[in-house]
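This report refers to the structure that appears directly beneath it.
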Amino acid sequence: MQQERKFMEGLCRERNIDLEGLRFLLSTEDEKIIAELAKRARETAQSIYGKKVYIRGLIEFTNHCKNDCLYCGIRRSNCNADRYRLTKEQILSCCETGYGLGFRTFVLQGGEDPYFTDERICALVSAMKSSYPDCAVTLSIGEKSRESYQAYFDAGADRFLLRHETANKEHYRKLHPPEMSLENRKRCLRDLKEIGYQTGCGFMVGSPYQTIETIYEDLMFIRELKPEMVGIGPFIPQQDTPFGNQKAGTLQMTLRLLSIIRLMHPHVLLPSTTALGTIHPQGREMGILAGANVVMPNLSPVDVREKYRLYDNKICTGDEAAECRYCMQKRMENIGYEVVTERGDYIQ
Ligand code: SAH
């Protein structure tokens, strides 16, 4: 018992964890400890953000990708993927709908699609910023040169999400094709921070070959980078990928890691992800109750939702933006939280 207290107190007071503590918190079956971990994380989030949940409108604008990440359903080798890209007009129309629904952050997410040159991305960002100057634009478009990141930033982009996926070199190699490297991923994240983006890294929980040790390295990498956002969600197999027969990450593991990350980084913007909602019908609510404070409903046109299939059984693929928005509001109200229509920037 002494030992268990020590881990929890260390996490709450020193905002840090060691490998032994992580192993304990991820494997204990003591319901009391598990409940206390979530409670402390939730209270930490509430002390900064109250019972507010920020919403981000996710626009999945292209599923073309030049990369071949082994876990991802839109990898270039997947010839079963039905490829699409949205036009500028379609993207702006998603924003218009979203703005009317109270979204003040738009997230442009996509594969690494060479059609979207820097020029096109900059044109999109500046069109979005001039039509909606009170909104934040977040990009999630993968690895680019520092110059490209700078150009998007100068065009008005505010935030950038680039999960590091794993901070362990060997693990990274097992998840990615040989031409990708952890080194470059980290270079990207450092560039993004230095340029001045609110930056998000993160990883999948339960990805193939992940161990407690690699998760520990993830946590140490996050501690060193000090990102404004951290995106984590369970790995879910996609049948047309080499990992199609692997096991999905678990709800318990994801929730515990959300809590640990919240306790290590009290101010961080932490989404309760769609993947979490996919592995359990109340996954996103549980994520908020474990310390998350952001949700990202889908604003993509309904006819492309099904095609942006990073993993199987993704939820909400048939729903209009408005349905997703109000469904989310109800879900959050049910657990005593409030979806707010603020930009929801990082609070220092
Ligand atoms: N091309 C962009 C966006 C990638 S999709 C980029 O490289 O950042 C966003 C995230 O979805 C990825 O970073 C990955 O962590 C997650 N993802 C991909 N495939 C997944 C799967 N099978 N299960 C769960 N999450 C997945």
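For ligands, and for the atoms within them, numbers begin at 1 and follow the listed sequence. For this chain, numbers begin at 1 and follow the sequence in order.
- The shortest contact between atom 11 (O) of ligand 1 and any protein heavy atom is with Leu310 CD1, 3.5 Å.
- Within a 6.0 Å sphere centred on CD of Glu9, heavy atoms belonging to other residues, nucleotides or ligands number more than 12.
- Remark: minimum distance from atom 19 (N) of ligand 1 to any protein heavy atom is reached at Tyr71 CD1, 3.4 Å.
- Sparse packing is recorded around CD of Glu119, with 12 or fewer heavy atoms of other residues, nucleotides or ligands lying under 6.0 Å away.
- The backbone N or O of Lys226 sits less than 3.5 Å from a side-chain atom of Lys193, completing a donor-acceptor pair.
- A 6.0 Å sphere centred on CD of Glu96 holds no more than 12 heavy atoms belonging to other residues, nucleotides or ligands.
- With respect to the salt-bridge test (charged N to carboxylate O, under 4.0 angstrom), the residues Asp118 and Lys144 do not qualify.
- Close approach to Cys72 involves these atoms of ligand 1, each under 4.0 Å from a residue heavy atom: 19 (N).
- For a threshold of 3.5 Å applied to N or O pairs, the pair formed by Arg163 and ligand 1 contains at least one separation below that value.
- Between Tyr149 and Tyr152, the ring-plane angle classifies as perpendicular under the 30° and 60° cut-offs.
- Taking a distance limit of 4.0 Å, we find that atom 4 (C) of ligand 1 is approached by no protein heavy atom.
- In Glu143, neither the side chain nor the backbone holds a heavy atom less than 4.0 Å from any atom of ligand 1.
- Residue Met180 places every heavy atom at 4.0 Å or more from ligand 1.
- Annotation for ligand 1: atoms under 4.0 Å from non-hydrogen atoms of Leu162 are 8 (O).
- For Ile236, a nitrogen or oxygen atom sits less than 3.5 Å from a nitrogen or oxygen atom of ligand 1, counting backbone and side chain alike.
- Taking only non-hydrogen atoms, the option from Gly73, Pro234, Gly249, Ala275 nearest to atom 24 (C) of ligand 1 is Pro234.
- Nearest to atom 14 (C) of ligand 1 by heavy-atom distance, out of Arg185, Glu165, Arg75, is Glu165.
- Between Gln246, Glu112, Met204, it is Met204 that holds the heavy atom closest to atom 26 (C) of ligand 1.
- Using a 3.5 Å distance cut-off with no hydrogens or angles, the side chains of Glu143 and Asn184 do pair a donor with an acceptor.
- A side-chain donor from one of Asp134 and Tyr99 sits under 3.5 Å from a side-chain acceptor of the other.
- Summarising the local packing, CG of Asn313 is surrounded by 12 or fewer heavy atoms from other residues, nucleotides or ligands at distances under 6.0 Å.
- Inclusion of Gly110 in the set of residues having an N or O under 3.5 Å from an N or O of ligand 1 is warranted.
- Ring pair Tyr49/Tyr54 is perpendicular by interplanar angle, where above 60° counts as perpendicular and below 30° as parallel.
- Close approach of ligand 1 to Gly142 (heavy-atom distance below 4.0 Å) involves ligand atoms 2 (C), 6 (C), 7 (O), 8 (O).
- Between Gln238 and ligand 1, no pair of N/O atoms sits closer than 3.5 Å.
- Geometrically, ligand 1 and Gln109 share no nitrogen or oxygen pair separated by less than 3.5 Å.
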